[in-house]
Amino acid sequence: RRQLGRDNALEDINQAIKLDPDRPHYHVYRAQRIFELEQRKANNEMHNDNNALNKQAQREIWNNFIKTIPQVRDDYKAALHIDPTLPEVWLGVIGCALLLGDWDEAISLCGESRPFVTDPTDQANRAWYLCLALTFAGDNVTEEEKKNMEGAFVSQGDWNRMTSSTRKL
């Protein structure tokens with residue numbers, strides 16, 4: 001008999017999706033779990049590999065990490081297709097577009113998500129993402145977009161907090 005634990009979480013989520021693919025939160029859980037595992041792996045490589053001080057080695061670790069983002073994005077998009085009203089799904093798919101350097105997609109998703117992202121913290125995260133995408137795309141940030149960011153504090157170190165709504169799943 002297998003013991004349940006964090007090591008088996010991804011297997012369990014995959015099985016849950018296979019049994020009931022129309023539950024958007026299952027796709028969100030899998031996206032978050034894959035991201036968490038790959039982020040931890042990349043961080044461990046950076047901290048434990050003597051070659052990680054080398055810029056080429058760092059680039060290779062980053063590139064290997066980024067190769068997993070399309071899979072994460074696909075899960076968020078599957079959840080979005082099932083239920084487009086979930087703010088954590090919008091934030092996740094926008095975050096993936098940013099990580100993949102698809103600024104125009106991130107900008108478009110920020111616009112599409114506006115009616116569904118209503119919590120003030122989620123709105124601040126969405127505005128922050130939009131400002132990043134606009135900046136990287138070379139576009140100007142409007143005054144309204146700047147207002148949405150006033151007073152917002154977003155920790156760059158906790159991806160799951162940034163990509164998840166303040167609502168419980």
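The side-chain contact (heavy atoms from CB on, under 4.5 Å) test applied to Asp83 returns Pro24, Thr85, Leu86, not counting sequence neighbours. Applying the side-chain hydrogen bond (donor to acceptor under 3.5 Å, both in side chains) rule to Asn63 yields no partners; only residues at least two apart in sequence or on another chain are considered.
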Could you go through His25 and Glu88, starting from their C-alpha distance and side-chain angles, then the distance that decides it, and tell me whether this counts as side chain to side chain contact (heavy atoms under 4.5 Å, CB included)? CA-CA 10 Å; His25 292 106; Glu88 63 272 15; 3.4 Å; yes
For side chain to side chain contact (heavy atoms under 4.5 Å, CB included), just list the numbers for Thr68 and Ile66, CA-CA rounded to whole Å, side-chain angles, deciding distance to a tenth of an Å, and then say yes or no. CA-CA 5 Å; Thr68 65; Ile66 289 299; over 6 Å; no
Go through it in stages, so that I can follow the logic: the residues are Ile61 and Asn64, the test is side chain to side chain contact (heavy atoms under 4.5 Å, CB included), and I'd like the CA-CA distance, side-chain angles, deciding distance and then a yes or no. CA-CA 5 Å; Ile61 292 168; Asn64 287 335; 5.8 Å; no
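Between Phe116 and Trp90, the angle of the ring planes stays under 30°, which puts this pair in the parallel group of the 30/60° scheme.
Atom NE2 of His27 sits about 10.0 Å away from atom NE2 of His81, to the nearest 0.5 Å. From Leu132, atom CG reaches atom CH2 of Trp103 across 8.0 Å, with rounding to the nearest 0.5 Å. Remark: Leu80 CG to Asp74 CG distance equals 12.0 Å, nearest 0.5 Å. Taking CG from Asp102 and CD1 from Ile69, the interatomic distance works out to 13.5 Å, rounded to the nearest 0.5 Å. Within the model, atoms CG of Leu98 and CH2 of Trp128 stand 8.0 Å from one another, a figure rounded to the nearest 0.5 Å. For the atom pair Ile107 CD1 and Ile94 CD1, the distance stands at 11.0 Å (nearest 0.5 Å).
In this structure, the side chains of Arg30 and Asn14 come closer than 4.5 Å at one or more pairs of heavy atoms.
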